[in-house]
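What follows is a set of notes on a single structure, which appears directly below.
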Amino acid sequence: MTRQTTFFFTLLMLATGTLFAREQWTEEQAWAWQEKVGVIKGFNEPYPAYPDMSRTEVLQKAHEAGLNSVRFWVQGNTAEEQIAYIQQMIDDADRFGMTVSPVISFVAGKYWQNRGKQPMREYEATVRQVVRNFAREKRIVFWDLWNEPRYEDKAETYEQLDIIEQMVGWCRDEDIEQPITSSIIWATIKEGSKPLKRMAEVEAMMDIHNFHYYNCALDFSKHIYDMMDFLQKIGNRPMVATECLTRTNGSGIARTLAAFSKYKVNFYVWGLYINDRNWETRWGQSTYDPYGPMFHNLFYSDGDVYDSREIDMLKNYRFCEKNEELYPPLEETERWSHERVWKWMVTGPLKGFIANEQKSLPHTDGYNAVKIAFSYNEWKSDTASFFRHMDDLLAQAAEQGRSVMPLLLTDDDFLSPHQSLAEYVGSVVGRYYCDTRIKAWELYHHPGEKVNDTNALEQLVTLLFRHARNQYANQPLTMTPYVQVRAFEPEFDYWGALVHGRTGGWDRLVYEGGSNARLCYTIWSLSDITAFSACPKAPETGWLASICYRFGRPVFCTQWNIDDDTDIDAYLQRFAKSQIFWFSSGVDIQSEKLAGFKFEQISTQRQTTEGIL
């Protein structure tokens with residue numbers, strides 16, 4: 001080759017941008033990048049809570065929540081406008097020590113919509129100019145080339161994947177120092193499908209893996225594990241979940257990060273503040289109607305955190321060591337927040353009775369709720385018949401204008417295989433998870449009343465809560481521990497024993513059978529609402545209710561035995577004053593007493609140096 005030819009070839013390479021083109025990163029280079037940048041904890045799109053909120057206010061809030069990166073869609077009609085937009089985002093984020101990850105999908109989307117009019121070379125020139133301008137920018141943590149290409153077995157799916165493959169080549173030609181990636185994998189993995197095969201081929205070109213998943217909790221996290229295993233089969237590279245966080249199916253912060261930490265996954269949650277994009281309700285729903293729980297976002301519009309537990313998890317997120325469990329188990333993390341459970345109870349006091357006949361419900365006036373026991377053995381022997389029976393009873397209750405609390409298990413079921421009991425609980429709760437005729441679930445009544453094996457009871461209680469939680473029901477879950485209050489001596493001042501500074505409460509609780517303080521505390525600590533069964537007399541019941549009140553949640557008396565000696569007025573006064581939802585095992589309460597029962601407002605007097613005002 002002559003010197004003149006060599007010079008011409010060099011000019012050609014410079015003109016096409018391939019002289020310094022780099023190859024795909026090796027796995028070692030990718031992991032070196034991960035070690036350098038550390039764990040990425042980011043969020044998507046810094047939309048303001050209200051029109052005059054600045055972007056820096058949004059980024060500052062994210063920084064205070066423990067987040068260190070922001071992913072955003074590049075905007076602008078020209079390469080120059082897009083460059084300016086990226087630069088401003090970099091500068092804003094840098095004020096809080098945050099990195100950025102630009103998504104070129106805005107550019108790609110405009111090309112896709114106009115691909116019959118805009119030549120590919122114009123699109124290529126724009127992309128090249130944008131990435132070339134930031135090729136050495138260390139505050140860009142990676143480039144996301146195309147957001148969620150199609151995944152169906154259609155022509156446009158393969159056309160989009162072909163474009164992404166070309167984009168990878170353009171970015172390599174520009175010799176950018178940041179990793180190249182694209183959120184190609186974002187739907188349920190269907191091994192062997194034709195589009196997945198092509199998606200895997202393009203994914204294999206990326207420097208790091210990038211995926212979206214909003215179902216991280218389903219089936220005890222099996223599906224997200226399958227997706228991450230699939231990506232690791234393509235290549236042992238760092239992973240970034242650039243979109244996640246949906247609470248309606250349990251894939252909130254806790255279960256999502258629990259799965260990610262095991263696989264050393266960087267992440268970007270969707271949304272920060274509640275804002276005009278209405279991300280707080282699920283896809284296809286409108287915030288014009290009430291919603292709950294919040295779908296995306298970490299903060300209310302005023303900056304109050306949706307769930308303070310989540311912020312602690314974000315701040316403390318790290319990659320797990322081998323065989324390490326970084327987060328509490330499902331039965332603990334998916335317990336309802338205090339706010340959510342109190343909002344659920346806004347319909348007012350439950351005045352319920354316990355149905356003794358399971359085939360049909362009695363017509364009793366004045367009651368607005370009923371507790372119905374269902375049979376595990378019936379479910380086991382004929383599941384279809386079981387659900388027909390349950391459907392019928394729920395329909396009867398609705399016709400009578402009554403909410404239902406289903407009771408699923410007692411100690412009579414303990415000797416059955418515990419895994420089967422858990423599957424029964426999960427099956428029933430899962431079938432009726434959004435049925436508003438059900439006010440709450442009593443999973444187990446009086447564990448330990450007939451069974452003495454406390455350790456086995458505690459394991460079963462935990463297992464049942466775990467399987468019920470895995471259904472992410474729209475009704476609260478509870479159990480009623482087997483605990484009572486030691487009968488008061490005639491002269492005992494039970495009110496005075498609980499005044500400020502005196503030690504008292506748990507010291508008068510008594511247990512029998514396999515129940516004890518630890519089992520009781522475990523049940524109350526896992527329950528969304530706090531349940532107890534009434535004592536023989538109203539004063540002792542008030543004492544037990546005061547212990548339940550310490551958990552800060554709605555209190556249910558799930559069994560109140562009424563007989564001729566019952567001081568009904570004393571009980572109703574206690575229930576009204578302490579705002580206790582109740583179910584009686586008798587139906588002889590006078591209708592006027594039922595009609596007049598309501599909760600009393602709680603008002604506390606001020607204390608001054610002169611005394612109580």
Side-chain angles (χ1 to χ4, degrees), residues 17-46 55-56 58-60 62-76 79-107 126-147 167-183 205-210 237-242 264-269 314 317-319:
T18 57
L19 180 61
F20 302 106
R22 70 171 175 86
E23 299 295 326
Q24 179 188 18
W25 282 2
T26 65
E27 293 179 359
E28 290 74 14
Q29 287 175 307
W31 284 109
W33 165 86
Q34 178 71 81
E35 182 69 23
K36 183 178 180 180
V37 301
V39 179
I40 301 171
K41 303 182 292 183
F43 77 107
N44 279 274
E45 289 290 57
R55 182 191 292 162
T56 55
V58 179
L59 293 170
Q60 180 177 355
H63 169 69
E64 292 170 354
L67 303 177
N68 59 20
S69 192
V70 56
R71 179 174 178 256
F72 64 95
W73 270 244
V74 176
Q75 299 187 38
E80 290 75 17
E81 290 176 353
Q82 294 161 24
I83 289 169
Y85 188 85
I86 295 173
Q87 187 62 59
Q88 187 61 58
M89 190 71 75
I90 290 172
D91 293 341
D92 289 344
D94 189 53
R95 292 179 58 180
F96 306 100
M98 301 176 72
T99 60
V100 303
S101 54
V103 184
I104 312 182
S105 275
F106 183 82
V107 184
T126 299
V127 172
R128 283 183 178 274
Q129 185 175 344
V130 170
V131 299
R132 183 188 309 130
N133 191 83
F134 298 101
R136 305 291 179 264
E137 176 56 71
K138 300 185 183 305
R139 293 169 295 181
I140 292 180
V141 73
F142 61 83
W143 291 92
D144 196 335
L145 304 186
W146 192 301
N147 184 73
M167 293 175 72
V168 172
W170 303 339
C171 291
R172 288 182 186 172
D173 287 347
E174 299 301 333
D175 195 33
I176 64 174
E177 292 185 348
Q178 309 91 348
I180 301 166
T181 185
S182 179
S183 45
M205 302 175 65
M206 303 300 166
D207 297 321
I208 60 175
H209 294 307
N210 175 355
R237 297 174 178 275
M239 291 188 285
V240 182
T242 47
K264 296 180 170 52
V265 177
N266 307 278
F267 67 86
Y268 290 79
V269 299
L314 289 170
Y317 179 77
R318 58 179 173 81
F319 297 158

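For reference, positions follow the sequence shown, starting with 1.
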Pair Gln87, Phe134 - check side chain to side chain contact (heavy atoms under 4.5 Å, CB included), show working. CA-CA 9 Å; Gln87 187 62 59; Phe134 298 101; 3.3 Å; yes

Please report the closest heavy-atom contact between Pro46 and Val70, naming both atoms and the distance. CD-CG2, 3.8 Å

Please round to the nearest 0.5 Å and tell me the distance separating atom CZ of Phe72 and atom CZ of Arg55. 8.0 Å

In short, Ile208 meets Pro238 closest at the heavy-atom pair CB-O, 3.6 Å

Between Thr99 and Ser69 the two heavy atoms that sit nearest each other are OG1-OG, 2.8 Å

Are the side chains of Trp33 and Val141 in contact, using a 4.5 Å heavy-atom criterion? yes

Student check: side-chain heavy atoms of Met89 and Tyr85 closer than 4.5 Å: yes

Minimum side-chain heavy-atom gap Leu59-Arg95 below 4.5 Å: no

Measuring from atom CD of Gln178 to atom CZ of Arg139, what distance do you get when rounded to the nearest 0.5 angstrom? 11.5 Å

Spacing of Lys264 atom NZ and Arg318 atom CZ [to the nearest 0.5 Å]: 10.0 Å

Give a yes or no answer on whether the side chain of Ser182 reaches the backbone of Trp146 with a donor-acceptor pair at less than 3.5 Å. yes

Using every non-hydrogen atom in the two residues, find where Ala241 and Val265 come nearest and quote the distance to one decimal. N-CG1, 3.7 Å

With side chain to side chain contact (heavy atoms under 4.5 Å, CB included) as the criterion, how do Met167 and Trp170 come out once you've worked through the C-alpha distance, each side chain's angles and the decisive distance to 0.1 Å? CA-CA 5 Å; Met167 293 175 72; Trp170 303 339; 3.7 Å; yes

Would you mind reporting whether Val74 and Glu81 have side-chain heavy atoms less than 4.5 Å apart? no

Check: Ile104 main-chain N/O paired with Gln82 side-chain donor or acceptor under 3.5 Å: no

Residue of the set Val240, Asn147, Val269 for which side chain to side chain contact (heavy atoms under 4.5 Å, CB included) holds with Arg71: Asn147

With respect to Val103, which candidate in Leu145, Asn44, Asp144, Thr242 satisfies the side chain to side chain contact (heavy atoms under 4.5 Å, CB included) definition? Asp144

Given the rule in the side chain to side chain contact (heavy atoms under 4.5 Å, CB included) test, do Asp207 and Trp143 qualify, once you have shown the distances and angles that lead to the verdict? CA-CA 10 Å; Asp207 297 321; Trp143 291 92; over 6 Å; no

Can any side-chain N or O of Glu177 pair as donor or acceptor with the backbone N or O of Lys138 at less than 3.5 Å? no

Sidechain-backbone polar pair: Arg237 side chain, Trp25 backbone, donor-acceptor under 3.5 Å: yes

Test your reading of the model: is there a side-chain donor-acceptor pair from Asn68 to the backbone of Lys41, 3.5 Å cut-off? yes

Working note: Tyr268 + Ile40, criterion side chain to side chain contact (heavy atoms under 4.5 Å, CB included); need CA distance, chi angles, decisive distance, verdict. CA-CA 8 Å; Tyr268 290 79; Ile40 301 171; 3.5 Å; yes

Rounded to the nearest 0.5 Å, what separation is found between the CD atom of Glu174 and the CZ atom of Arg128? 5.0 Å

Non-hydrogen atoms of Gly38 and Asn266 that approach each other most closely: O-OD1, 3.7 Å

Quick one: OG1 on Thr56 to NE2 on His63, what's the gap to the nearest 0.5 Å? 13.0 Å

I need the minimum non-hydrogen distance between Leu314 and Ala65, along with the two atoms involved. CB-O, 3.8 Å

I want to check something: taking the side chain as every heavy atom from C-beta on, are Asn133 and Ile86 in contact at a cut-off of under 4.5 Å? no

So do Ile176 and Glu137 actually touch side chain to side chain, heavy atoms under 4.5 Å? no

Do the side chain of Gln24 and the main chain of Met206 share a donor and acceptor less than 3.5 angstrom apart? yes

Check whether any side-chain heavy atom of Met205 lies under 4.5 Å from a side-chain heavy atom of Arg172, and answer yes or no. yes

